[in-house]
Amino acid sequence: MEILMLLIPLTLAMGCVGLLTFFWTVRSGQYDDPEGDARRILQADDRPLDYRQSERRGERTT
Amino acid sequence: MMQRLTGAERQLALIISVLTLLSGLAMAAAGRADPLGIHGWIVVLFAGAVFLLTLGSIYDPEPREDRAVSYYDDPTKVGLILALGWAVVGMGMGVWVAAQLAWPDLRFDAAWSSFGRIRPVHTSGVIFGFGGNALIATSFHVMQRTSRARLAGHVSPWFVLLGFNLFCIIAASGYLMGVTQSKEYAEPEWYADIWLVIVWVVYFVLYIRTLARRNEPHIYVANWYYLAFILVVAVLHIVNNLAVPASLTGAKSYSAFSGVQDAMTQWWYGHNAVAFFLTAGFLGMLYYFLPKRAERPIYSYRLSILSFWGITFFYIWAGSHHLHYTALPQWVQTLGMTFSVMLLVPSWASAGNALMTLNGAWHKVRDDATLRFMMVAAVFYGLSTFEGSFMAVRAVNSLSHYTDWTVGHVHAGAMGWVALISFGSIYAVVPLLWQRETMYSWKLVEWHFWLALSGTVIYVFAMWNSGITQGLMWRTYTESGTLAYSFTDTLVAMHPYYVARAVGGALFLTGAVLALFNVVMTIRHAPEKRPERDYPTSSEATEPAVPAAE
Ligand code: HEM
Ligand code: HEM
């Protein structure tokens with residue numbers, strides 16, 4: 001079963017990418033406001049926030 | 001299609017189509033009469049059509065609108081129509097395959113129409129053609145809406161969409177010519193596989209770049225599901241398709257692995273194709289369109305995130321449950337079985353979360369067939385994942401494996417979950433994208449719902465019966481210890497169920513045809529909806545909820 005020497009490390013590596021991403025989401029505050037996050041997609045206005053305008057006003061968050 | 005591209009973007013599109021056309025010519029020259037050569041000409045035709053289309057509008061005026069104040073929806077629109085077109089083709093093929101199993105004469109004695117060739121046209125047609133286009137189109141929609149930013153590019157979304165469809169055409173036409181590398185759901189040969197890698201990388205980069213320019217700090221959970229779908233499918237696709245072409249002038253290639261090693265790689269791929277193509281991406285759809293349509297936030301947002309990470313970490317270990325009782329080492333089988341049972345938890349968390357979101361809005365489910373599509377999809381998702389976890393237990397699998405029970409499980413997931421959530425999302429998004437009041441005919445949506453539901457139920461029940469009958473007949477012994485039934489006996493017993501399946505499939509297909517008709521009529525005839533107000537300034541746009549007008 002030499003193939004497992006490829007598949008298991010590869011799968012673990014993919015898991016690690018997932019884990020690192022997860023740590024990033026925690027650290028960057030992705031889970032600070034789940035209530036609001038769930039509600040905000042329901043806003044009916046179907047237009048992007050013009051990012052150049054908001055940048056000018058210094059509101060842009062990343 | 002072209003008015004929203006700048007001159008430079010049109011030139012870029014022109015260059016890409018020329019390059020594709022040249023590689024098609026190279027394939028045609030190298031392959032000659034081999035299927036590779038015929039595929040070369042198909043590429044030339046496809047790229048040539050795109051080239052002419054672009055050339056025709058190369059001198060059109062530059063777009064005058066400020067592109068940053070609206071979403072870029074043209075690729076989504078085309079993608080949705082392509083998805084419905086493939087649905088009719090792929091499901092039509094499915095009905096034909098089903099009919100051949102009941103009445104083998106329906107092959108009409110041609111090579112291209114034999115079961116082994118049209119069956120993959122069905123599976124690829126529905127999974128990649130219908131499902132893939134629906135995923136790509138809705139992902140473009142969802143990534144922009146949840147980021148509140150326009151797509152990060154105007155040529156790359158077209159490249160992804162059209163490139164993916166070129167892959168699907170190569171795949172389907174190849175099967176009819178007998179081209180296959182004999183790996184289920186990964187049948188296309190090496191050149192198609194390489195092309196798909198390029199398309200997929202562009203897709204991933206486009207997604208990440210759009211997220212990077214988001215105006216909304218939070219990345220909505222649907223995006224995570226779509227991203228996992230794109231990223232994991234890329235890795236799986238590359239590893240499973242590692243192969244050495246027999247020659248550069250022919251389609252044939254040999255897999256880099258052999259025997260049980262190859263089987264393990266194939267089902268590591270195959271199962272995760274189920275997990276990340278047929279599940280994760282469609283959960284992205286569910287988590288966006290269901291709350292949107294119900295106008296209620298998801299019941300527990302925390303749970304949706306938890307189930308995402310659960311699915312991501314568990315699914316990838318479950319593939320070996322497709323290889324119970326084979327040459328695969330016992331412990332690998334047990335590993336797959338264990339993770340499959342654990343998978344039930346995050347799966348039911350999603351299904352339950354969706355249904356709890358609707359709790360308190362049942363009157364909407366009753367009145368609105370679109371929402372009902374999504375509700376029933378969530379139910380079938382719960383059902384098929386329960387069934388899957390059960391079938392992954394080795395003792396159960398000894399009965400179900402190689403029988404129609406597997407096919408029943410597949411279609412509970414594929415028709416009940418994948419197709420229904422896609423139809424629901426399409427009905428939800430079409431009026432919005434084309435700025436129509438509603439769909440052309442809500443009665444047709446209602447008809448489609450009942451046709452799809454009854455078709456699925458007939459199909460799945462027929463296969464459960466057929467599969468369990470078949471499995472039990474195979475393991476019935478006489479007193480003297482010989483098999484009680486011959487293989488032909490089982491075929492005779494299965495025949496009525498095969499007829500029933502063909503009927504159920506025909507109902508389902510009729511629904512898909514109605515959907516295509518309804519969408520086309522919506523685009524052409526439904527009354528237009530005036531936007532509530534003209535271009536808002538940014539400060540207005542940040543103001544909370546203008547009441548939704550559905
Ligand atoms: C009109 C509805 C449909 C009909 C009549 C139909 C019919 C069939 C038939 C007859 C088979 C071959 C079974 C066998 O070899 O014994 C099959 C296989 C399959 N179909 Fe469908 N199908 C339909 C819809 C779908 C949809 C919507 C999907 C996916 C989104 C799908 C995915 C598959 C898959 C993955 C297989 C392979 C199953 C396996 O190898 O176990 N089908 N279908
Ligand atoms: C918790 C979730 C799930 C588990 C544990 C699971 C487990 C299984 C098992 C044990 C088999 C039979 C393998 C065999 O005997 O050959 C199977 C086959 C299959 N399942 Fe699932 N399943 C799950 C969910 C789903 C969903 C949601 C879908 C589809 C939309 C799906 C699509 C398929 C397909 C296409 C096959 C047939 C593969 C083939 O032989 O061609 N599964 N699954």
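In the text below, chain A, chain B and the rest are named by the order of the sequence lines, each starting its count at 1. Hydrogens, waters and symmetry mates are skipped; everything else that's a heavy atom, side chains included, is used.
- B:T76 contributes atom OG1, which lies 6.0 Å from atom CD of B:Q144 (distance to the nearest 0.5 angstrom).
- With respect to chain A, the highest number of heavy-atom pairs below 4.5 Å among B:V260, B:T265, B:D262, B:L231 belongs to B:T265.
- Counting heavy-atom pairs closer than 4.5 Å to chain A, the top-ranked of the candidates B:F308, B:W224, B:Y287 is B:W224.
- A:L19 touches chain B through backbone and side chain together, each having a heavy atom under 4.5 Å away.
- Classification of the B:Y226-B:Y207 ring pair by plane angle, with boundaries at 30° and 60°, yields tilted.
- Contact of A:E35 with chain B is not made at all, since no heavy-atom distance falls under 4.5 Å.
- The pair A:R39-A:D33 fails the salt-bridge criterion, with no side-chain N (NZ, NE, NH1 or NH2) lying under 4.0 Å from an Asp/Glu carboxylate O.
- Annotation: maximal heavy-atom pairing with chain A below 4.5 Å, among B:T312, B:I219, B:I298, occurs at B:I219.
- Across B:I305, B:V221, B:T146, the residue that shares the most heavy-atom pairs under 4.5 angstrom with chain A is B:I305.
- A distance of 13.0 Å separates CZ of B:F229 from CG of B:N223, quoted to the nearest 0.5 Å.
- If you measure heavy-atom distances from A:S28 to chain B, you find no contacts under 4.5 Å at all.
- Of the atoms belonging to A:M1, heavy atoms from both backbone and side chain fall under 4.5 Å from chain B.
- The CD1 atom of B:I238 sits 10.0 Å away from atom CG of A:L10, with the distance rounded to the nearest 0.5 Å.
- The line from CG of B:L343 to NE2 of B:H271 is 6.0 Å long, rounded to the nearest 0.5 Å.
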message: Apply ring-ring contact (aromatic ring centres under 6.0 Å, His included) to residues B:Y269 and B:F277 and explain how you reach the verdict.
response: CA-CA 11 Å; B:Y269 163 87; B:F277 211 107; 9.4 Å; no
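- For the set B:F313, B:Y220, B:W309, B:F257, the count of heavy-atom pairs under 4.5 angstrom toward chain A peaks at B:W309.
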